[in-house]
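Let me begin by presenting the structure, written as structure tokens, before commenting on it.
Sequence lines set the chain letters: A, B, ... in the order given, protein chains first and strands last, and positions in each chain run from 1. Everything numeric in this text was worked out from a predicted model, so none of it was measured.
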Amino acid sequence: MPMEKTFSPAEAEARISALWIDQKVGRVGANAKPGAEAFSIMIPPPNVTGSLHMGHAFNNTLQDILIRWHRMQGHDTLWQVGTDHAGIATQMVTERDMAEHQEPNRRTMGREKFLARVWQQKVKSRGTIIGQLQRLGASCDWDREAFTMSGAPGAPAGEDGNFHDAVIKVFVDMYNKGLIYRGKRLVNWDPHFETAISDLEVENIEVAGHMWHFKYILADKQSYEYIEKDAEGHVTLREMRNYISIATTRPETMLGDGAVAVHPSDARYQSIIGKMVHLPLCDRLIPIIADEYPDPTFGSGAVKITGAHDFNDYQVAKRNTLPMYRLMDTRATMRADGAPYADAVKRAREIAAGSPTDENEVDALNLVPEKYRGLDRFEARKQVVADINALGLCVSTLHSEIDPETGSEHLTREPFVEAKKIMQPFGDRSKVVIEPMLTDQWFVDTAKIVGPALDAVRSGATKIIPESGEKTYFHWLENIEPWCISRQLWWGHQIPVWYGLNLDAPDFADDEGDDALDEVEILNFLGDGGHVDREARHHCAAEFATVSERFRDDLAALPHPLNNARIVEVADRHAAATLLAQSLADYNLSQDPTHLAYPIWRDPDVLDTWFSSGLWPIGTLGWPEQTPELQKYFPTSTLITGADIIFFWVARMMMMQLAVVDEVPFKTVYLHGLVRDAKGKKMSKSLGNVIDPLEIIDEFGADALRFSNAAMASLGGVLKLDTARIAGYRNFGTKLWNACRFAEMNGVWEGHKTQAQPPKATATANQWIIGETAKALSEVNAALKDYRFDNAADALYKFVWGKVCDWYVEFAKPLFDGPDAPETRATMAWVLDQSMILLHPMMPFITEDLWGTTGTRAKLLVHTDWPTYGAELINTEAATEMGFVTSLIEEIRSARAQVHVPVGLKCDLVATDLSPAARTAWTRNEALIKRLARIDTLTEGPAPKGSIAVAVEGASLSIPLAGLIDIAEEKARLTKTMDKLAKEIGGLKGRLNNPNFAASAPEEVVDEAKANLALREDEAAKLQAALKRLAEIG
RNA sequence: GGGCGGUUAGCUCAGCGGUAGAGCACUACGUUGACAUCGUAGUGGCCACUGGUUCGAUCCCAGUACCGCCCA
């Protein structure tokens, strides 16, 4: 059955993809030669509930190109595929799906049932992205699909695996090494998801905001002289003030102010540093302190300090040991918990006066006045502004208004509010305003593990390309902050830490020495409910049994029989306190020590997703088991990922792998930018410029998309995806297809079997194209070795279209009619085979399809040997000869076209002057020249009058066209060419005549310039002669 | 404000010491042997600007302007 006119991607891709999957062509080690070197790539695991976007398509195309290239070379390859559980995103997707299906919400459902529900969602979604990767032609090892939560408790059947165990083991190990700690820190809090998020998950967006100016009145009716000066030191304002003016964009946080800060060098406030001011709306005094943080040139130069709700203020508060009062709850509404305001503020005053306290007590104090309690933070802002204004404590301006009826003027004071652009933090998932919040979180002490990650890149153990990526990497890691790894979510790896009430009672004495607790002793022991408020103690271990042992050791120090209490797991602290009280009461009655229980509860938080994906390289290979895969494929060869996650993921994998197994996770990291639309805009749903890779594949085929991806992958380049370009590469595929179809029509494939080596060719055209193939291979190899996918694509495009289709197919046509036909058929078969092989990593579908239909093949193309031939296939004489032929043909065509010789007209060609090499080429390639330049006869002799002139290297030719051409037009054409030549000659002469050039330039450059000049002058002379002849005939 | 990068044909991008290339677009013309998803020929560039280094700068250095991206 003859070939169709075009390749049909829709049909062929489905068929071929099924074939590859069925035959497991991407399985680990497939097509590896014995003892081959390993080449491995970890896929950046896509979000399990996500779908393929252009970034994935681009990223996975490059990975597949490398993997197929290495696999064809017989290397032992692994492309590890899998998905990420993506904590917050997956929880969000599931909750949205639940809402759409009128299911109860997560809190009603409870943690366990909700997790089962998320697993359902995971199982349902997982196939989407995997199927999409397969449509793209990715040749991963599908049997090894991994998941960052495989093997977690509650995982359904089929979700086994040991990723969870690996994550927990790493947490426990790092905890034991002191690399993980718990602490109360200011973190980015997402009030929608009610969890901490990383600063990398925060988008700072400039929005229209306001700046309010408040007066804080000095205590004890004090006042001071306030003097403002201009740049020259002239006094511009001098007045007595009883207040200090502060500016804020977040008025509601003033309720938690701990101080007002001014710059120590700020002359205006020197006299009041250390004085107290009344905090408006609150029954509190706060100090004016000196700190480097305030910018004296900005606003009034005085800044309110709210340590619990602002990152800068937090640092100031820490430096100056100011109390940090948390004002909001987890949903960022003003706190409504705790003691009445009057009690809280009383205690706050005691603390301010020096009463000892700790951060837990401070955190428990709710200093939100009653009227604001329970208000949304933005509502509270309005109220606070209104109330401060009512007190006359806003900096205000006078507004005059004429009453339209009475004509009288009314003056009103209006608060001075500046409209101002402010940077506001938003959750990248929730899109709500992020609230800095003081909470207890777990942190990786990154300062302790960052060193090896920096060294690895500095020493070149891991190479990041493009090099600018290394700069970014260093910059970030050298300034690394502690990594908050706890998230207040349910979907994720639950932190392996259990808490127990602290029952230590150093002052307790068993009065009677009877080894039994009586009622009095129990009361003594519990003190004033002491353990209830004490910081709980905690232990970390992979499972309950181990952690119980630790708590048992703690209990050993307690009086009998408490030291023998049973360790029992309960839900939370509240349940623990209740159970302990019950247990003691029970014991009090029964005096039966076996009734005593010591309750412990597990940390409800889960780990940041990046903590687990940070272990992707070893986790997917079976660590901590020393699996054969781990030994063979780790460290992995290349990581290909977006530059936007160098911090999120790359840097963390580096730190984690080095901390855990003391090896770099990959030898090379290839970073690429965001895929944008044709105009360079980010693709976003709101702009409506999102290109769906599947739609592109439907329209143009996966090969076209893949080739486009490769072609635009210049190092550090911007990735602008233009469908016109994709269409162009679809056409490129068609071009190859039709060359094969042409071959088929000429019997090239009859009885064809794969030949690794080219046929022994005698015809110059055949020798030439064989050499061109070797050049193409070498260019592709060099380009791919340097990760220059664009250069590799370009080389292939130029070879297949520019050499094979444009020239070789045309040369073959006359050869098929002559004695060289069998050799030409064999050569064409070989050259097209090579084209399929070399193109296969980039265009796997069309090449695999052609491969299957054009000959007898031992293996699928995907497993066919990548060629190893080299320069020995290049025949320089053939190359020179064909160079002469092609430039001759091009010159003739150009000349004919310019003087409007009808394309259908066959002309004669007369050679006036031929060098020996040109003469050989001339006679040996007569058929080609005649056919492609539309020439009737080739003769040698003097140039006839009334002809057009053609000059090529080594030959002076003319086409007699007396009476057919417009002499003036031919003159104009030659003059134009002469002008161009004259310009080049002028430049070259100028250079060569400069004595400094000959003296300083390298010899070969001088020689090249000389040779160039000779060539140009020779051509100019030929054209000059032609012009002279034209002049003779008028 | 800090860091990184960019500015080359109408568009999208290569090139990065020896006076510029590709694809697309555009113009004209379409020949017996595959391909109109095509062929042939052609148009199109003070390589952002200003200095410097150099025999020579699109390329190296410094500065300016504008544009991105990341981080505050």
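The residue Lys735(A) sits close to a base: some heavy atom pair falls under 4.0 Å. Within 4.0 Å (heavy atoms only), Asp817(A) reaches at least one base atom of the nucleic acid. In this structure, Cys740(A) reaches neither bases nor backbone, as no heavy-atom distance under 4.0 Å exists between it and the strands shown. Base engagement by Pro814(A) is indicated by at least one non-hydrogen atom pair under 4.0 Å involving a base atom. Using a 4.0 Å heavy-atom criterion, one finds that Arg893(A) contacts the sugar-phosphate atoms exclusively. Across all strands, Glu1004(A) comes closer than 4.0 Å to no nucleic acid atom at all (heavy-atom distances).
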Contacts table for residues 992-1000 of chain A: side-chain donor-acceptor under 3.5 angstrom, sequence neighbours left out:
residue: Asn993(A); atom: ND2; partner: Lys989(A); partner atom: O; Å: 3.3
residue: Asn994(A); atom: OD1; partner: Asn996(A); partner atom: N; Å: 2.9
residue: Ser1000(A); atom: OG; partner: Asn996(A); partner atom: O; Å: 2.7

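With sequence neighbours excluded, no residue forms a ring-ring contact (aromatic ring centres under 6.0 Å, His included) with Phe799(A). The salt bridge (charged side-chain N to carboxylate O under 4.0 Å, His left out) test applied to Asp703(A) returns no partner, not counting sequence neighbours. With sequence neighbours excluded, the residues that form a side-chain contact (heavy atoms from CB on, under 4.5 Å) with Phe474(A) are Leu454(A), Val457(A), Arg458(A), Glu470(A), Glu478(A). By the side-chain contact (heavy atoms from CB on, under 4.5 Å) test, Glu481(A) pairs with no residue at all, sequence neighbours left out. When the side-chain contact (heavy atoms from CB on, under 4.5 Å) test is applied to Lys471(A), no partner is found at least two apart in sequence or on another chain. Asp806(A) is linked by a side-chain contact (heavy atoms from CB on, under 4.5 Å) to Trp801(A), counting only residues two or more places apart in sequence or in another chain. For Trp830(A), the ring-ring contact (aromatic ring centres under 6.0 Å, His included) partners two or more places apart in sequence, or in a different chain, are Tyr869(A).
In this pair, Tyr729(A) and Phe732(A) present their aromatic rings perpendicular. The plane angle is above 60°, beyond the 30 to 60° band.
Side-chain proximity of Arg788(A) to G15(B), C35(B), G5(B): nearest is G15(B).
Between the side chain of Lys5(A) and the base of C35(B), no donor-acceptor pair of N or O atoms lies under 3.5 Å.
Within the 4.0 Å cut-off from OP1 or OP2 of G21(B), not a single side-chain nitrogen or oxygen of Lys798(A) is found.
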Strictly under 3.5 Å: I want the nitrogen or oxygen pairs between protein and nucleotides 42-45 of chain B, one per line.
residue: G42(B); atom: OP1; partner: Ser894(A); partner atom: OG; Å: 2.7
residue: U43(B); atom: OP1; partner: Lys976(A); partner atom: NZ; Å: 3.3

Find every protein N or O atom lying less than 3.5 Å from an N or O atom of nucleotides 55-57 of chain B, and list the pairs.
residue: C55(B); atom: O2'; partner: Asn994(A); partner atom: ND2; Å: 2.6

Item to complete: Sugar-phosphate means primed atoms, P, OP1 and OP2; the rest is base. With that split, encode nucleotides 23-31 of chain B 5' to 3' as B, S or - using protein heavy atoms under 4.0 Å.
Response: SS------B

Response to the item:
Here RNA chain B, pairs taken as Watson-Crick or G-U under 3.5 Å and shown with ( ), [ ] when crossing and | when to another strand, reads (((((((..((((....[..)))).(((((.......))))).....(((((..]....)))))))))))).

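For the pair Lys813(A) and Phe742(A), the cation sits on the ring face: its NZ or CZ lies under 6.0 Å from the ring centre, inside 45° of the axis.
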